[in-house]
A.B. asks: 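Right, I'll just put the structure down here and ask away after.
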Amino acid sequence: MLCAWKSDHKAATAAGNINAAFGDGSVNKCTIRRWYAKFESNDESHKCRLGQAGDCCGQRSPKSDS
C-alpha cells in the first residue's frame with residue numbers, strides 16, 4: 001500500500017491491484033484509505049494490521065476517491 005500511495009494511486013485502484021494479486025476480498029477501499037491517512041500523517045510504522053476492526057469510511061485523504 002505504501003508503494004501505491006507514493007505512486008499517487010487512488011484507493012480504488014490500489015484495492016483493485018491488491019485484490020487482483022492476492023484474491024478478491026483481500027482488501028477494500030476503506031482499508032486503503034485508512035492506511036493512506038496514516039501515510040499522509042507521516043506514520044509509516046505499519047503498526048496497524050490488515051483487517052483490524054474500525055470504521056474508516058468517514059476519514060478522507062487527498063488521494064481518496066469517495
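Values in this document were obtained by computation on a predicted structure and should not be read as measured data. Values reported hereafter were calculated over all heavy atoms of this structure, with side chains retained and with hydrogens, waters and symmetry mates removed.
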A.B. asks: With rounding to the nearest 0.5 Å, note down the distance linking NZ in Lys10 to CZ in Arg33.
C.D. replies: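 Here the rounded value is 10.5 Å.
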A.B. asks: Spell out, as yes or no, whether a donor-acceptor pair under 3.5 Å connects the side chain of Asn19 to the backbone of Val27.
C.D. replies: yes
A.B. asks: Report the distance from atom OH of Tyr36 to atom NE2 of His9, rounding to the nearest 0.5 Å.
C.D. replies: 7.5 Å
A.B. asks: Any side-chain heavy atom of Ile32 sitting closer than 4.5 Å to one from Ile18?
C.D. replies: yes
A.B. asks: For Cys3, does its backbone N or O pair with a side-chain atom of Ser7 as donor and acceptor, under 3.5 Å?
C.D. replies: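 Here the side-chain-to-backbone pair exists.
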A.B. asks: With a 4.5 Å cut-off on side-chain heavy atoms, are Phe39 and Met1 touching?
C.D. replies: yes
A.B. asks: Could you tell me which non-hydrogen atom of Ala15 sits nearest to which non-hydrogen atom of Lys29, and how far apart they are?
C.D. replies: CB-N, 4.1 Å
